[in-house]
Each structure stands twice: as structure tokens, then as C-alpha cells.
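Each remark here refers to the structure printed beneath this line.
Along the sequence shown, the residues carry numbers beginning at 1.
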Amino acid sequence: MLNREPLNEISDAEVDSFQRDGAVCLRGLFDPEWLALLAEAVERDKAEPGPMVRNNTPAGDPGEFFVDFQLWQRWEGARRFVYESPAAAIAARMLGARRVAFYHDHLLVKEPGTPQPTPWHHDQPYYPVDGEMVGSIWLPLDPVPRDVCVEYVAGSHRWNRWFAPRYFNADTTALKVDDGRFESMPDIDAERGQHRFLSWALEPGDCIFFHALTVHGAPGNPASDRRRRAYATRWLGEDARYGERPGQISPPIVGHGLKPGDDMVCETFPVVWPREAAGS
């Protein structure tokens, strides 16, 4: 039977690091069997992608920056990961949540030789979600050297700033969102001397937990002999509420029937922790 609890205990110091910095590396929490199930789901999805699929590699460029969403609704391995893996327990511990709902999943594959970076952004402006208890698990399915790992701007989740969301494809424009809170993302690379950056070399079984307002980006994967498959999952604590976002959201999840101010929990965004409440 697959291990349903983290393989290692998450320490108070790791929780404190997350609260201070907005991102923390958690080592060796996932059994290899979970990674194998997800790897199978990833390959099936690449062969038969869903309706939200995006290829962020311009025509004629080498490699492939493949992005898709909602694997958990199509592939059994991803669905089992949401309901049965240690991920929900990790999210509850890191967010300090009594109850955790699942928002969505996000697959990001950079095949060998892919030059495209992931631009600087933070996640919550893409979502119609308000609240503090909003976080992600970034789980690599391949070894990730530090030079291709996501970078996080330490403490940026506490800037009290919301930056306008953009698609990851450099050829596209910003999402059409009319929200007075949003400002343009500053040139983080030009400001590198003003910030502290976090990134790690990761092995399969490690993950990064980060806040939905933590600014982050990632380099390309220029090596010719390694893949960078990452499965990101988004988790909501009990203070998360449906937020009004005039215009586009990403991913474009609709049909839930929620109104601004509603608790996010519904059939589309189910409770997954505690497991008894989730029926698992």
C-alpha cells in the first residue's frame, strides 16, 4: 500500500522558514511509488493533453515547454495523489489549516534543450481566490540541479503587493484582468542586489512548499540530456474565499457556482484533509 503520510516529520523550523520566507524546501517526503504513479499520468497527459494545454515554446525554437492543468480529473494516478498521498497533510501542516481543499494541479515539463524561462510572477493574482491560506507543492519527478530550479524572492509574500498576471509564453500579452490592486511586475533580475533568492538542488521525493503570493520564476532547461518534469498542486485552507476577478483567470476553471465571498469548498474544489471529511 502506498504511504499516505510524509516519510519524514516536518519540523517547526521548516514551518517557521515558510512563514518568514514564503518558500521552503522539504526533503524526502514522498515515496518513490507516488512519483512513479505521477510519471505515468504525466506521460499519458503529454500523449493526450487536456483542453487547457499550452505549449510555451515558440515555433522553431528547440525543446518544449509543455504546460497542462487538471490531470487529477483525467488520470487515476493524479487523482489518487490528490486524495491519498502525503500532499494534503503537508499542506495542512505548512498552512496551519484545520481543513484543506484542493484547488487545481499544474504540470510543467521542460524537455531537454528548452531555453524558455518561466517569467517572474506570483500565483494568487491568477486565481479568483482571496485569503492567506493558499499554497503550493512543487514536486519534481526528475533530479533538479539548482541551476534549473525555480527561484523564489524571499519574503515577497509579505510585500502587500499584487502583480498583474501574465501568460508564460513570451509571445502572448498579459491576461485581461481589470483589478485595481494589480501593478506591473518589477524587473526582478535588474533588482537582484536588493533581494534574497531561494533555490535548491532537488532529488525525487523532495518538494518545495510556497505561498501563493511569493514571487518566483525559473530558468530554462538548456541541457541536452535531462528532463525537468514538475507537478505543482494548489491547496486552500479554511480562510480561502471566492474572490471577484473581472476578466480572465488562469486556469479557466468554471461551473462551480461560487459567488464572491463564498467559501471555496464545493464539488469542484473538494475537501481533502482531514481524510475523514474527504471520505478517503
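- The CD atom of E238 sits 6.5 Å away from the CZ atom of R99 when rounded to the nearest 0.5 Å.
- Proximity of a side-chain donor or acceptor of D21 to a complementary backbone N or O of F18 within less than 3.5 Å is not detected.
- For CZ of R146, the number of neighbouring non-hydrogen atoms (other residues, nucleotides, ligands) closer than 6.0 Å is 12 at most.
- Minimum interatomic distance between C149 and P219 (heavy atoms only, all atoms of both residues): O-CD, 3.3 Å.
- For E191, the CD atom counts as densely surrounded, since its 6.0 Å shell holds more than 12 non-hydrogen atoms of other residues, nucleotides or ligands.
- Judged purely by atom type and a 3.5 angstrom limit, D239 has no side-chain atom pairing as donor or acceptor with the backbone of G131.
- Partners of H256 according to the ring-ring contact (aromatic ring centres under 6.0 Å, His included) rule, which considers only residues two or more places apart in sequence or in another chain, are Y242, F269.
- No side-chain heavy atom of L37 sits less than 4.5 Å from a side-chain heavy atom of E76.
- Salt bridge annotation for R4-D31: absent, with no cationic side-chain nitrogen under 4.0 angstrom from a carboxylate oxygen.
- In this structure a side-chain-to-backbone donor-acceptor pair under 3.5 Å is missing from N221 to T114.
- Between atom CZ of residue R93 and atom OG of residue S11 there is a gap of 7.0 Å, rounded to the nearest 0.5 Å.
- Two rings, from Y127 and H104, have their centers less than 6.0 Å apart.
- With a 6.0 Å cutoff to the six-membered ring centre and a 45° limit on the axis angle, K46 counts as a cation-pi contact of F66.
- Using the six-membered ring where Trp is involved, F197 and W120 have ring planes that are tilted, between 30° and 60° apart.
- A side-chain donor-acceptor contact under 3.5 Å links S156 to the backbone of V153.
- To the nearest 0.5 Å, atom CD of residue E33 and atom CG of residue L2 are 5.0 Å apart.
- Atom CD1 in I253 sits 5.5 Å away from atom CE in M52 (nearest 0.5 Å).
- Residues R54 and D68 fail the side-chain proximity criterion, which asks for heavy atoms closer than 4.5 Å.
- Hydrophobic clustering (side-chain heavy atoms under 4.5 Å, transitive across Ile, Leu, Val, Met, Phe, Trp, Tyr) groups F209 together with V82.
- Annotation: side chain of M94 is in contact with side chain of I10 (closest heavy-atom distance under 4.5 Å).
- Salt-bridge formation is detected for the pair R227/E111: a Lys NZ or Arg NE/NH1/NH2 atom is positioned less than 4.0 Å from an Asp or Glu carboxylate oxygen.
- Between L258 and C266, some side-chain heavy-atom pair lies under the 4.5 Å cut-off.
- Note: F182 and F163 fail the aromatic proximity criterion, with ring centroids not under 6.0 Å apart.
- At least one donor-acceptor pair closer than 3.5 Å links the side chain of N55 to the backbone N or O of T57.
- Between P32 and P204, every side-chain heavy-atom pair lies at or beyond the 4.5 Å cut-off.
- If you take NE2 on H106 and OG on S250, they are separated by 7.0 Å, rounding to the nearest 0.5 Å.
- Defined by atom type and a distance below 3.5 Å, a donor-acceptor pair is present between the side-chain atoms of H216 and H121.
- Side-chain atoms of W75 do not come within 3.5 Å of backbone N or O of Q73 as any donor-acceptor pair.
- The pair E14-R20 fails the salt-bridge criterion, with no side-chain N (NZ, NE, NH1 or NH2) lying under 4.0 Å from an Asp/Glu carboxylate O.
- Applying the side chain to side chain donor-acceptor pair (under 3.5 Å) definition to pairs two or more places apart or across chains, those involving residues 200-214 are R27-D206.
- With respect to W72, the ring-ring contact (aromatic ring centres under 6.0 Å, His included) criterion is satisfied by exactly one of Y231, F102, Y103: F102.
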Ignoring hydrogens and angles, write down the donor-acceptor pairs under 3.5 Å from the side chains of residues 137-144, residues two or more places apart or on other chains.
unit_1: D142; atom_1: OD1; unit_2: R229; atom_2: NE; d: 3.2
unit_1: D142; atom_1: OD1; unit_2: R229; atom_2: NH2; d: 2.7
unit_1: D142; atom_1: OD2; unit_2: R229; atom_2: N; d: 2.8
unit_1: D142; atom_1: OD2; unit_2: R229; atom_2: NE; d: 2.9

Run the side-chain contact (heavy atoms from CB on, under 4.5 Å) test on R234 and V134 for me, step by step, so that the C-alpha distance in whole Å, both residues' side-chain angles and the decisive distance to 0.1 Å come before the verdict. CA-CA 7 Å; R234 320 301 189 186; V134 186; over 6 Å; no
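- Side-chain atoms of S199 and Y152, non-hydrogen and from C-beta on, never get closer than 4.5 Å to each other.
- For N160, the CG atom sits in a loose shell: 12 or fewer heavy atoms of surrounding residues, nucleotides or ligands are nearer than 6.0 Å.
- At distances below 3.5 Å, not a single donor-acceptor pair connects side-chain atoms of K110 with backbone N or O atoms of P222.
- Nearest heavy atoms, W235 versus A87: CZ2-CB, 3.5 Å.
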Please determine whether side-chain contact (heavy atoms from CB on, under 4.5 Å) holds for the pair T118 and V150, giving the CA-CA distance in whole Å, both sets of side-chain angles, and the decisive distance to 0.1 Å. CA-CA 8 Å; T118 304; V150 186; over 6 Å; no
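- Contact record, V129 with A240: CG1-CB, 4.1 Å, taken as the closest heavy-atom pair.
- The two residues A41 and A78 come nearest to each other via the heavy atoms CB-N, 4.2 Å.
- Cluster partners of V254: none. The rule joins Ile, Leu, Val, Met, Phe, Trp and Tyr whenever side-chain heavy atoms lie under 4.5 Å apart, and it links nothing here.
- Sorted by first and then second residue, the pairs that involve residues 207-226 and meet salt bridge (charged side-chain N to carboxylate O under 4.0 Å, His left out), not counting sequence neighbours, are D147-R226.
- Proximity of a side-chain donor or acceptor of R275 to a complementary backbone N or O of Y83 within less than 3.5 Å is detected.
- The shortest non-hydrogen separation linking L38 to G77 is CD2-O, 4.3 Å.
- By the 6.0 Å contact criterion, CD on Q194 is enclosed, its count of non-hydrogen atoms from other residues, nucleotides or ligands being greater than 12.
- No continuous path of hydrophobic side-chain contacts links L7 to V24 [ILVMFWY only; heavy atoms under 4.5 Å].
- Put simply, F81 and V42 are part of the same group of oily side chains (I, L, V, M, F, W, Y) that touch within less than 4.5 Å, one to the next.
- The closest side-chain heavy-atom distance from D123 to L213 is not below 4.5 Å.
- A donor atom on one side chain and an acceptor atom on the other are not found under 3.5 Å apart for N3 and W34.
- Applying the salt bridge (charged side-chain N to carboxylate O under 4.0 Å, His left out) test to every pair with at least one member in residues 148-160, sequence neighbours left out, gives these pairs: E132-R158, E151-R192.
- Between L71 atom CG and D45 atom CG the span is 4.0 Å, to the nearest 0.5 Å.
- Of all the heavy atoms in M133 and G96, the pair that sits closest is CE-O, 3.8 Å.
- Using modelled atom types, one side-chain atom of D105 and one backbone atom of Q70 make a donor-acceptor pair closer than 3.5 Å.
- Residue I188 is not grouped with residue L198 when hydrophobic side chains (ILVMFWY) are merged at heavy-atom distances under 4.5 angstrom, including chains of intermediate members.
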